[in-house]
Every structure is written in C-alpha cells, then in structure tokens.
Amino acid sequence: MLDAGNLLYKRTNIHKGPSQERLTAETIIDIYTGLHYDAVGVGPLDLAGSMDLLKNSGDNGFPWISANLADDLDKPLFKQWINRKAGDTDIYITALTAPPGMMPSGIKILKTETVLPKLLKKFTGAKQKPFIILLSTLTNDENRKIVEQYPDINLIIGADRSRSNISPKIFKNCLLTQTEKQGKYQGLLEIIFGTTRQWGMDNSKELADLQNKLGSLNWQLRRLEKKSKLPGQSEKFKTTILRLNNEKEAMSKKIDSLKEIIQQESVSGAANDQFIYRFIRLQKNMPNDQPTVGKLHILNSKIRKLHKNNKQTSQSSKLIEGMAGYPVCETCHEAQFKFWEKSMHASAFMTLVEKNKQYDLDCLPCHLTIDASNSAFTIKTTRGYLSYPVRMQSVGCESCHGPGKSHSLNPDTVSMLRLPDRKTCLTCHSSEHDDNFDYEVKIQNISCPAS
Ligand code: HEC
Ligand code: HEC
Ligand code: HEC
Ligand code: HEC
C-alpha cells in the first residue's frame with residue numbers, strides 16, 4: 001500500500017491553529033494508519049499546514065518517507081527509504097518531495113542529484129538486482145527526466161496534481177503511473193517479478209495465444225479441405241487453402257522461436273518483470289469500511305463543535321456583497337418566488353441540516369446563495385460561509401441571476417442577468433457532485449415562469 005503524497009490538504013498555506021482543514025488532516029492520518037500503509041511520500045501540500053502534525057505523526061510511526069526533505073543541518077526529516085521483500089526480490093521504496101510554494105521555516109529540499117545517487121548505490125549494492133520504486137510529487141515531465149538520469153529506478157508512482165489517472169507506461173526501463181488526486185481512484189498494480197529487472201512481454205502468454213490461433217486455423221483448414229473434396233468443388237477453395245497454409249507455416253515458425261526463447265529463459269533463470277493494472281473508482285455504492293465511517297463521524301462532530309462555537313467571529317460580509325436575499329426579490333417577483341420556493345434549490349440548506357453537515361465548509365458553499373454567475377468567482381474554504389444570514393441560505397435567486405441589491409432599489413435603471421449560462425450551473429453542478437449534469441435538459445426544469 002503506497003501513496004505518493006499530497007494527501008493532507010487541498011491548498012497551500014493553511015493557517016495555523018485549529019481549523020476544519022487541520023482536523024481533516026489529522027483524521028486522514030488516523031485513517032491511513034488504520035489501513036496499514038507501507039509508505040507515504042511527503043508532498044508539498046502535506047507541508048501546507050504546520051510542521052508539528054507531520055513530525056509528530058512520523059515520530060508515532062506514520063510511514064512518511066522523503067529522500068530530500070531535511071532540516072537546516074541537512075539532516076533528513078523522515079525516513080529516506082524503506083524496503084520490503086517479495087519472494088526473492090528485494091524492493092526498495094524512496095520518495096522525492098517537490099518544493100512547496102512557501103517553504104516552512106527550518107526545513108529545506110535537498111537537491112535530487114545529491115541524495116538520489118547515494119541512495120541508489122546503497123540499494124543496488126546487493127548481488128541480486130533489487131526492484132526500486134520512487135514515490136514522487138514532481139511533475140510527470142520531471143519524473144521522465146529522472147528516469148533518463150537514473151536508469152536503476154523500475155517504477156515511479158507520481159502525484160502530479162495537473163494530471164488525473166495515468167495508465168502505467170514503460171519509458172526507457174521504468175514504469176510511470178499515478179492515480180487521480182484526492183482518493184477518487186485506487187490503483188492496483190500487480191507485478192510478476194522476473195530476474196532480469198527488465199520490463200517485458202509475457203512470452204508464455206503470447207505462446208498460448210498463438211497456439212490457440214493455430215488451433216482454430218487448423219480447424220478451418222480441415223473444414224475447407226473436406227468441402228473441396230465434394231464433386232466439382234476442388235477449384236473453388238484452392239486459393240483460400242493456399243493462403244491459410246502459408247499463414248499456418250508462418251505461425252508455426254513463430255511458435256517454435258518463442259518456445260526456444262522460453263526454453264532459454266528457463267535454463268538461465270532469466271525472466272522479465274511483468275505487470276497487470278486496474279484503476280478502481282471509489283463509488284458511493286461500495287461497501288463502507290466501518291472503522292473509517294466511525295472516524296469520519298467523529299471528524300464531523302469535531303468540525304461542528306469548532307464552528308458552532310466560533311460562528312459569530314467569522315465574516316460573511318464580503319461573500320454576500322451586493323446581494324439582497326430572496327425575501328427582497330419576493331416583494332416584486334411573486335410568481336418566480338412561488339416557483340423557486342418549491343424547487344430543490346430552495347431546500348438545499350435544509351438538506352445539509354438533515355445530514356448534520358451545516359457546519360462543514362466542504363459542503364456549505366454550493367448549498368448557499370453564492371455569486372456563481374460571476375466568471376471570476378471560485379469556491380474557497382472560507383469560514384465566512386458559517387455566518388450566512390438566513391435570507392442567503394439555500395441556492396437563492398442571486399446564485400443564478402447575480403447580485404441584485406441595487407436592482408432591488410432601482411429596478412428601472414439597474415437590470416439583472418436573465419438567463420444564467422451553463423458555467424453558472426457548473427460552479428455547483430461540478431462533475432464531482434453531479435456527474436450527469438445536462439444543461440439543456442436541466443435548465444428547462446428550473447426556468448422561472450413569466451409574470
Ligand atoms: C422593487 C421591485 C423589484 C425588486 C425588489 C426586484 N426586482 Fe427584479 N425586476 C423588477 C422590475 C420592475 C423588472 C423589469 C421587469 C420587466 O422589464 O419586465 C425586473 C426584472 C428582473 C429580471 C428580468 C431581467 C430581464 O432582463 O428580463 C430578473 C431576472 C430579476 N428582476 C431578478 C430579480 C432578483 C433576483 C431580485 C432580488 C435580488 C429582484 N429582481 C428584485 C423589479 C424588482
Ligand atoms: C450555488 C450552487 C448551485 C447553482 C449555481 C446551481 N445549482 Fe442546481 N442544485 C444545487 C444543489 C445544492 C442542488 C441539490 C439541492 C438539494 O437536493 O438539497 C441542486 C439541484 C438542482 C436540480 C434538481 C436535481 C436534479 O439534478 O435534477 C436541478 C434540475 C438543478 N439544480 C439545475 C440547475 C441549473 C440548470 C443551474 C444553472 C442555471 C443550477 N442548478 C445552478 C446547487 C446549485
Ligand atoms: C461543488 C458544489 C457542492 C458541494 C461542495 C457539495 N454539494 Fe451537495 N450537491 C451539489 C449539487 C449540484 C447537488 C444536486 C446534484 C443532484 O441532484 O444530482 C447536491 C446534492 C446534495 C444532496 C442531495 C442529493 C444526494 O446526493 O443525496 C445531499 C444530501 C448533499 N448534496 C450533501 C452534501 C454534503 C454532505 C456535502 C459536503 C460533504 C456537499 N453536499 C457538498 C453540490 C455540492
Ligand atoms: C437555478 C437558477 C435560478 C434560480 C435559483 C432562480 N432563477 Fe429566475 N430564472 C432562471 C431561468 C433559467 C429563467 C428563464 C430565463 C429565460 O428563459 O430567458 C429565469 C427567469 C426569471 C425571471 C424572468 C421571468 C420572465 O420571463 O419575465 C425573473 C423575474 C426571475 N427569474 C426571478 C427570480 C427570482 C425572484 C428568484 C428567486 C426567488 C429566481 N429567479 C431564482 C433561473 C433561476
């Protein structure tokens with residue numbers, strides 16, 4: 001069980017002290033510990049909170065590794081590598097941390113060319129060639145450069161945030177792969193270890209395939225030969241039989257040479273490494289891991305407690321700037337209000353309350369009235385959402401028509417956006433929360449009636 005890193009936070013620069021993000025990070029560490037990960041690379045996003053969480057968890061046995069993260073005196077902050085054994089094969093796992101946007105004080109990133117060669121030398125010192133895995137938060141392009149410079153690495157598992165799943169690809173003699181960020185997928189990579197430490201074709205599988213094909217070719221030939229023996233049919237199948245016989249001959253030759261290769265391999269004991277892989281999408285209908293569910297429950301009550309008590313101190317004024325709230329719109333647009341009132345948008349906040357999630361900053365924004373029609377608007381994890389006034393709760397009029405305070409005061413001079421575009425809807429109906437959103441269809445369902 002490996003993770004290349006960037007798992008604790010979604011953004012850089014998490015403010016110090018208690019926060020939903022900090023509580024979530026602590027829970028992730030707790031859950032990963034329960035799942036018995038072998039190694040987790042430290043990514044720049046893991047450094048976004050305070051260093052004490054990282055260091056303490058590392059001291060308590062959390063399997064962080066990083067070859068290049070060091071203190072002021074160049075002393076590594078975490079284990080630089082671990083090893084495992086699979087049959088006779090020694091597996092070494094190390095990790096490279098990409099430089100964070102803002103370096104926490106007291107730590108630094110050592111140069112790859114100073115740390116990696118030394119480690120690789122240590123790993124390859126043994127008689128039998130080990131299998132070397134690098135967990136990396138560098139970009140996919142940077143990983144390719146590393147492959148070119150350090151041919152001893154057999155597998156790089158990346159965490160390039162600009163990419164999603166990358167199916168394993170052999171580049172030089174290294175397999176490069178990664179799974180989509182934030183745990184949306186798990187990657188299952190099964191490796192059949194050979195001895196040459198080269199990635200290769202599965203010769204015995206190819207032999208079996210060819211033998212199967214030869215079998216069906218023979219069957220076809222026998223059938224045609226039988227048919228051509230019938231009176232007056234001998235000319236009809238002549239060319240086809242000739243062609244099939246040629247194919248048969250070529251295939252038999254291929255089979256013989258493959259058999260020879262396999263024979264040689266078994267004598268020398270040399271076989272290539274092979275792999276099979278699968279990306280497993282984490283779906284809602286999968287059975288829950290009960291201990292994890294329990295931990296998430298505790299996290300939610302911690303978040304509630306934290307936010308319930310500190311609600312008053314948070315600032316929503318900037319988020320609702322220029323907005324009036326639906327009761328104001330109702331005064332002049334009764335017909336549209338009556339229509340909206342019955343829609344799911346109007347009960348979106350209640351939906352969260354029913355789930356006990358009305359204090360969760362990861363849920364709130366899309367279940368409130370936000371400036372979604374503004375193309376410059378992006379959803380941020382901001383505590384301001386906690387102190388929203390009731391008139392702005394749920395997906396109100398201004399989520400679609402834009403802020404309308406000045407229109408409400410001067411409807412004759414200040415006009416409103418009439419038809420919200422697709423992008424406005426997608427601010428909330430993102431693929432993550434609504435994976436089959438069809439604008440053309442859904443816009444019909446929510447169009448307010450004419451007065
Ligand atoms: C004081 C009365 C008043 C209030 C309050 C008011 N409106 Fe209007 N609204 C109007 C009038 C008048 C028009 C113009 C109607 C027309 O031209 O047919 C209008 C037009 C609109 C239109 C249609 C724009 C178009 O180009 O066709 C939308 C959308 C709209 N209002 C949304 C809102 C929203 C959202 C609110 C609350 C933030 C709101 N209005 C508050 C009076 C009001
Ligand atoms: C501020 C966020 C937000 C915006 C903007 C938004 N929606 Fe929604 N929408 C929601 C939420 C949240 C729900 C679910 C509410 C619930 O069930 O409590 C929802 C539910 C719906 C539903 C009912 C459920 C379904 O999928 O059939 C439709 C239809 C819909 N939205 C269409 C739209 C369209 C079309 C737009 C753009 C014009 C839009 N929405 C803009 C947040 C938003
Ligand atoms: C990026 C915007 C967004 C965020 C963040 C978000 N939601 Fe929603 N939510 C939606 C939209 C859009 C719908 C309607 C989708 C549909 O009906 O298919 C919805 C529907 C729902 C529903 C009703 C439909 C269902 O799936 O049962 C629930 C419950 C819900 N959300 C809870 C949550 C919770 C809990 C969180 C936080 C963990 C959350 N939402 C965060 C946009 C969001
Ligand atoms: C989910 C998005 C959404 C929400 C929320 C929403 N509307 Fe609309 N509204 C629309 C769409 C779409 C139309 C139809 C535009 C068109 O067909 O040109 C519309 C049309 C209107 C019109 C013009 C009606 C006409 O043809 O004269 C008014 C006024 C209006 N809405 C007011 C409101 C008010 C007031 C609210 C809140 C009580 C509200 N809307 C909530 C999407 C929304």
Side-chain angles (χ1 to χ4, degrees), residues 10 20-21 23-24 27 182-183 283-285 293 296-297 299-300 303-304 307 319-320 323-375 377-382 385-386 388 391-405 407-408 411-412 414-451:
K10 288 184 187 166
Q20 171 165 350
E21 282 158 309
L23 290 170
T24 306
T27 304
Q182 300 295 338
Q283 284 166 315
K284 277 189 185 153
N285 61 4
V293 170
L296 290 175
H297 238 81
L299 171 62
N300 192 37
I303 291 171
R304 285 175 58 86
H307 286 162
L319 295 163
I320 58 174
M323 296 203 206
Y326 58 81
V328 177
C329 316
E330 183 191 1
T331 56
C332 300
H333 299 293
E334 208 191 331
Q336 291 80 20
F337 175 81
K338 287 228 159 83
F339 173 79
W340 170 81
E341 200 183 21
K342 291 191 201 81
S343 75
M344 284 168 91
H345 285 136
S347 51
F349 187 74
M350 268 320 287
T351 301
L352 288 188
V353 174
E354 278 159 16
K355 298 260 168 194
N356 245 327
K357 285 285 192 181
Q358 74 273 37
Y359 296 105
D360 192 325
L361 298 180
D362 280 339
C363 309
L364 277 169
C366 304
H367 290 250
L368 296 174
T369 306
I370 53 175
D371 196 5
S373 66
N374 177 353
S375 61
F377 178 85
T378 51
I379 292 172
K380 291 201 184 83
T381 315
T382 308
Y385 291 117
L386 294 170
Y388 250 50
R391 65 177 193 283
M392 309 295 279
Q393 287 172 353
S394 289
V395 183
C397 324
E398 289 156 297
S399 311
C400 290
H401 295 293
K405 199 180 207 167
H407 163 80
S408 300
D412 297 333
V414 185
S415 65
M416 291 294 283
L417 177 77
R418 186 188 178 89
L419 178 65
D421 61 3
R422 171 174 226 276
K423 222 176 134 261
T424 301
C425 317
L426 290 179
T427 308
C428 302
H429 289 262
S430 58
S431 57
E432 199 179 325
H433 292 269
D434 188 356
D435 51 12
N436 50 14
F437 183 77
D438 183 344
Y439 176 78
E440 310 302 336
V441 176
K442 297 283 164 102
I443 194 79
Q444 312 280 342
N445 302 352
I446 53 87
S447 286
C448 307
S451 323

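As the structure is a prediction and not an experimental result, all values here were calculated from the model. Numbering of ligands and ligand atoms starts at 1, following listing order.
Heavy-atom minimum distance, T424 versus S399: CG2-O, 3.5 Å. The minimum heavy-atom distance between S394 and A346, with the atom names listed, is OG-O, 2.9 Å.
With ligand atoms numbered from 1 in the order given, ligand 2 contributes 1 (C) to contacts under 4.0 Å with heavy atoms of L368. Numbered from 1 in the order shown, with element, the atoms of ligand 2 that lie under 4.0 Å from a heavy atom of C428 read 1 (C), 2 (C), 3 (C), 4 (C), 5 (C), 42 (C), 43 (C). Atoms of ligand 2 found under 4.0 Å from any heavy atom of M344 (numbered from 1 in listed order, with element): 15 (C), 16 (C), 17 (O), 18 (O), 23 (C), 24 (C). Applying the 4.0 Å criterion to heavy atoms of I443 picks out, from ligand 2, the atoms 35 (C), 38 (C). Here is the list of ligand 4 atoms found below 4.0 Å of a heavy atom in P449: 24 (C). Each of the atoms 5 (C) of ligand 2 lies under 4.0 Å from some heavy atom of T424. Below 4.0 Å from some heavy atom of F337 lie the following atoms of ligand 4, by number and element: 38 (C). For ligand 2, the atoms sitting less than 4.0 Å from at least one non-hydrogen atom of I370 are 1 (C), numbered in the order shown with element in parentheses. Taking every non-hydrogen atom of A372 and a distance limit under 4.0 Å, the qualifying atoms of ligand 2 come out as 5 (C). For ligand 4, the atoms lying closer than 4.0 Å to a non-hydrogen atom of C329 are 35 (C).
In terms of protein heavy-atom proximity, atom 2 (C) of ligand 3 is nearest to C366 SG, 1.8 Å. Regarding atom 17 (O) of ligand 4, its nearest protein heavy-atom neighbour is L419 CD1, 4.4 Å. Here the protein heavy atom with the shortest distance to atom 23 (C) of ligand 4 is R418 NH1, 4.0 Å. When only non-hydrogen protein atoms are considered, atom 18 (O) of ligand 3 lies nearest to D434 OD1, 3.5 Å. In terms of protein heavy atoms, atom 38 (C) of ligand 2 is closest to C425 SG, 2.7 Å. Of the protein's non-hydrogen atoms, the one nearest atom 36 (C) of ligand 3 is C363 SG, 2.7 Å.
Not a single protein heavy atom sits closer than 4.0 Å to atom 14 (C) of ligand 2. Of the protein's heavy atoms, none falls inside 4.0 Å of atom 25 (C) of ligand 3. For atom 33 (C) of ligand 3, the protein comes within 4.0 Å by at least one heavy atom.
Side-chain contact between I443 and L419 is present, with at least one heavy-atom pair separated by less than 4.5 Å. In this structure the side chain of L23 reaches within 4.5 angstrom of the side chain of L299, judged on heavy atoms. Residues D434 and N436 are in side-chain contact: their nearest non-hydrogen atoms beyond the backbone lie under 4.5 Å apart. Side-chain contact between Y439 and L426 is absent, with no heavy atoms from C-beta onward closer than 4.5 Å. The side-chain heavy atoms of M323 and D371, taken from C-beta on, include a pair separated by under 4.5 Å. Using a 4.5 Å heavy-atom cutoff, the side chains of I370 and C428 are in contact.
Side chain of S347 to main chain of M344: a donor-acceptor pair is present (N/O by atom type, distance under 3.5 Å, no hydrogens or angles). No donor-acceptor pair under 3.5 Å is formed between the side chain of H367 and the backbone N or O of F349. One N or O on the side chain of E398 and one on the backbone of A324 form a donor-acceptor pair closer than 3.5 Å. With hydrogens and angles disregarded, a donor-acceptor distance shorter than 3.5 Å links the side chain of H401 to the backbone of R418. Side-chain atoms of Q358 do not come within 3.5 Å of backbone N or O of L364 as any donor-acceptor pair. Without hydrogens or angle criteria, T427 side chain to K423 main chain gives a donor-acceptor distance under 3.5 Å. In this structure a side-chain-to-backbone donor-acceptor pair under 3.5 Å is present from Q20 to L361. With Y385 contributing its side chain and L319 its backbone, the two residues share no donor-acceptor pair below 3.5 Å. Here the side chain of N300 pairs a donor or acceptor atom with the backbone of N356 at under 3.5 angstrom.
Taking a 4.0 Å cut-off on heavy atoms, G396 registers as neighbouring ligand 4. Residue contact annotation: L352 has no non-hydrogen atom under 4.0 Å from ligand 2. At least one heavy atom of V395 sits less than 4.0 Å from an atom of ligand 2. At least one heavy atom of F437 sits closer than 4.0 Å to an atom of ligand 2. Not a single heavy atom of A346 sits under 4.0 Å from any atom of ligand 4. Ligand 3 lies nowhere less than 4.0 angstrom from a heavy atom belonging to P365. Using a 4.0 angstrom heavy-atom cutoff, N436 does not count as in contact with ligand 3.
Using a 30° and 60° split on the angle between ring planes, H429 and H345 fall in the perpendicular class, above 60°.
For ligand 4, the polar-atom distance check against Y326 finds no nitrogen or oxygen pair separated by under 3.5 Å. Close N/O approach between T351 and ligand 2 is found [any backbone or side-chain N/O within under 3.5 Å]. Taking any N or O of D362, backbone or side chain, none lies under 3.5 Å from an N or O belonging to ligand 3.
By the 6.0 Å contact criterion, NZ on K442 is enclosed, its count of non-hydrogen atoms from other residues, nucleotides or ligands being greater than 12.
Interatomic distance, SG of C363 versus NE2 of H433, reported as 8.0 Å (0.5 Å rounding).
The backbone and the side chain of H429 each have at least one atom closer than 4.0 Å to an atom of ligand 3 (non-hydrogen atoms only). Residue contacts with ligand 3 for S430 involve side-chain atoms from C-beta outward but no N, CA, C or O (heavy atoms, distance under 4.0 Å).
In this comparison of H367, K357, H433, K442, the heavy atom closest to atom 8 (Fe) of ligand 3 sits on H367.
Counting only distances under 2.8 Å, and ignoring water, the protein N, O or S atoms around atom 8 (Fe) of ligand 4 are H401 NE2, C448 SG.
Because the distance cut-off is set at 2.8 Å, H345 qualifies as a neighbour of atom 8 (Fe) of ligand 2 through one of its N, O or S atoms.
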